[in-house]
Protein chains: 2
Amino acid sequence: MANIRDIAKATGFSVSTVSKALNGYSDINLKTKQLVLKTAQEMDYTPNVMARGLITKKSNMIGIFFGDQTNSGFDHPFFSEFLRSIKDVCGAEGYDILIFSNRKRESKSYKSICIENGVAGVILILTGDQRADQNIRALHETLPTVYIDSVPHQYFNVNMVESDNESAAFEATDYLIQLNHTRILKIAGDQIAKAAHDRVAGYKNALTKHNIPVDEQLIKYCEFSQEQSYKLTKSFFSKKTDVTAIFASSDTMAYGAIEALKELGYSVPGDISVIGFDDIDSAAGYSPALTTVRQQRLKIGQSAAKILINIIENNNDGSIQRVTVPAHLVIRESCGNRSV
Amino acid sequence: MANIRDIAKATGFSVSTVSKALNGYSDINLKTKQLVLKTAQEMDYTPNVMARGLITKKSNMIGIFFGDQTNSGFDHPFFSEFLRSIKDVCGAEGYDILIFSNRKRESKSYKSICIENGVAGVILILTGDQRADQNIRALHETLPTVYIDSVPHQYFNVNMVESDNESAAFEATDYLIQLNHTRILKIAGDQIAKAAHDRVAGYKNALTKHNIPVDEQLIKYCEFSQEQSYKLTKSFFSKKTDVTAIFASSDTMAYGAIEALKELGYSVPGDISVIGFDDIDSAAGYSPALTTVRQQRLKIGQSAAKILINIIENNNDGSIQRVTVPAHLVIRESCGNRSV
DNA sequence: ACTCTTTCCTAAAACGTTTTCTGAAACTTG
DNA sequence: CAAGTTTCAGAAAACGTTTTAGGAAAGAGT
């Protein structure tokens, strides 16, 4: 492949002149510039991204870390829509997307990985353990960073895009109360996730609004996974209880709960009503079709990408952006009216 | 960030010695090596990928081009599973994934984009027009390249992974014939795709096996999209016809066909049976639940990634690899027995 | 004709690695 | 102990760019 020196030779100008012509510097004669450009075209020249990146320390890449599939807080349809919208926005603005997947350097910090690869900014879609990772702080203190949906709640000064979890949880709980449920088990997700807490807050607000006492015994934190939710539900309903509804903080957790309930001989929604959160693709086809909260994943992804690019290109004035995207209840068939 | 010089200073050795220690050269004393490694760890050193790439001309990135969502040959669930499996395999082997999305350089060739970014190899998942792009040839003549599923059929010397389209199409057609259908409309996909031709071949084989004459009038090529299939079906069934079944080359095309049939007052599968191809996520939940051919997207993606990495690391001996992944019929509710 | 600008171009350093080549010191061997 | 061999470390070039600082030539103003 032709390099800048070849063009210099071909045109008779120096390397520096060619470089400047190529990069639109003003102290280059128009004719010179045109000649260089034409020659570059003819020689199918493309600048070497490594050499350039080495000196400018910039790139047109946006990095993405995302949680493993095994961490089921985010399963695949979820991620896919995020990625698609991020790709669309970033692509339009001139960025490529680098997905960090290399597992041969797992010991290294997020920050190192990003700097090493010279990404201009990072979007983080993390799950479970990853959120607890201490070295994550160094990352967002160094590089333009946007969290999607899932933030370690002890860190507050980060850019973030998330659903309006509190309002949506309020809406879902309110709906259950309309159906005469008053004893509602909240399967909350794991303690470290801000989303889990916000959804609990919405749940409590709704109860309070209807003068139903909040029973902390009904709020259970566990990993965002089908298995954990299954276990929790199974053990909870093995004892006698007056609970008539479950509000899970994810659809997969709702699946786990329903699975457990069925095994215990309960019918859903006949005996117990269940609401999920997310509206993953399979929710509508599930049996029973799952009543759940739909998160607008496309909008969330778009928004995250826009914020990130804005930070990158306006050289970060230090302000922190937080965007909350509305999420609403989608009523299907997994909730029933409680006979009073 | 710490660089190799900092480690040299900290340990008292020269840059070259540090580099060699880090890279496992044999002419380094064990103690020296251990000291360097330990220091590197402590200083959170990570080699600068640009500097290294500049000299080695290698990188640990795999590039991916994939078709736009607007080209519905591949819609989102499809791509998502490919990506996931590619990510898993590449990640385990020490590669990151660069998704080319930057739309500000559309004028450049695939080859230029890849070389400029220094990717070690490329996976192509292309649709419609992209496949016809002339400059694509320069790419696979220059860089390790694997096509997934969709190859411009005029090029033969390319690495490729695809479903066993011919056998699967045979199986699907055979099934329709078992149900006493003999006049089967084949909505084939677009001419330029090898997959379209292979599926037609399987269709013809099945007819021939059962001594049913092949009627070329029943083989219609059109873009892999719901709209085109809808239009084609609508116009086809507006005239009188003895066709009692449709075999579409994608699920979205099957949807288009069913939509048209319903509007024309036909019931599916009552009057007309329809089979799709792909088994996208929504196929099972569609009404009627779609009988279709399931492509093993995870396996296809894995296989493509493995082939690519193999080529990259074994310095391409020039042999061409083609892998065919089995695909089988999933029987649901969109086909019925034809009353004879 | 002299100075002051402006215009256009170049030399050279720098970015952080890898790798080849050279050589000092320490061992072997007879 | 001389000569040969092995072990280990370092110097320096190279990769392909960008960018700073400088300066020659041409034009402008008096």
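So you know, we letter chains A, B, ... as the sequences are listed, proteins then strands, and number each from 1. When reading the values below, keep in mind they use all heavy atoms of this one structure, side chains included, and skip hydrogens, waters and symmetry mates.
Closest to the side chain of Ala51(B), from the set dT17(D), dG16(C), dC9(C), is dG16(C). Out of dT18(D), dG16(C), dT20(C), the shortest distance to the side chain of Leu54(A) is found at dG16(C). Side chain of Tyr25(B), nearest nucleotide from dT20(C), dT17(D), dG10(D): dT20(C). Comparing dC15(D), dT10(C), dC8(C) by their closest approach to the side chain of Ser14(A) singles out dT10(C). Closest to the side chain of Asn29(B), out of dT17(D), dC8(D), dT19(D), is dC8(D).
Straight-line distance from the CZ atom of Phe13(B) to the P atom of dT7(D): 18 Å, rounded to whole Å. Computed from coordinates, the Lys9(A) NZ to dT17(D) P distance equals 13 Å when rounded to whole Å. Distance, Ile28(A) CD1 to dT6(C) C1': 15 Å, rounded to whole Å. The nearest whole Å value for the distance from the CG atom in Leu22(A) to the P atom in dT19(D) is 13 Å. If you take CD1 of Ile4(B) and C1' of dC15(C), they are 14 Å apart, rounded to a whole angstrom. The separation between Met43(A) atom CE and dG16(D) atom P is 13 Å, rounded to whole Å. The distance from atom CZ of Arg52(B) to atom P of dC15(D) is 19 Å, rounded to the nearest whole Å. Taking atom NZ of Lys31(A) as the reference point, atom P of dC9(C) lies 11 Å away to the nearest angstrom.
If you check every strand for non-hydrogen atoms under 4.0 Å, Ser19(B) touches a base. Counting any heavy atom pair closer than 4.0 Å across all strands shown, Asp27(B) reaches a base atom. Looking at heavy-atom distances under 4.0 Å, Lys20(A) makes contact with a base. Residue-level contact check: Ser16(A) touches the bases, meaning some heavy atom is under 4.0 Å from a base atom.
Phe66(A) carries Lys87(B) over the face of its six-membered ring, with the cationic atom under 6.0 Å from the centre and within 45° of the normal.
Ion pair Lys111(A)/Glu141(A) not flagged as a salt bridge, since none of the NZ, NE, NH1 or NH2 atoms sits closer than 4.0 Å to an Asp/Glu carboxylate oxygen. Salt-bridge check for Glu93(B) with Lys306(B): failed, with every basic side-chain N at 4.0 Å or more from each acidic carboxylate O.
Tyr110(A) has its ring centre no less than 6.0 Å from the ring centre of His140(A).
Nearest-nucleotide mapping onto DNA chain D: of Ile55(B) and Tyr45(A), the residue sitting toward the 5' end is Ile55(B).
With Asn159(B) contributing its side chain and Gln321(B) its backbone, the two residues share a donor-acceptor pair below 3.5 Å.
Heavy atoms from other residues, nucleotides or ligands lying under 6.0 Å from CD of Glu42(A) number more than 12.
Here Asn3(A) does not reach the OP1 or OP2 of dC15(D): none of its side-chain N or O atoms lies under 4.0 Å away. The side chain of Lys57(B) contributes an N or O atom lying less than 4.0 Å from OP1 or OP2 of dG16(D). One finds a side-chain N or O of Thr17(A) lying less than 4.0 angstrom from the OP1 or OP2 phosphate oxygen of dT10(C).
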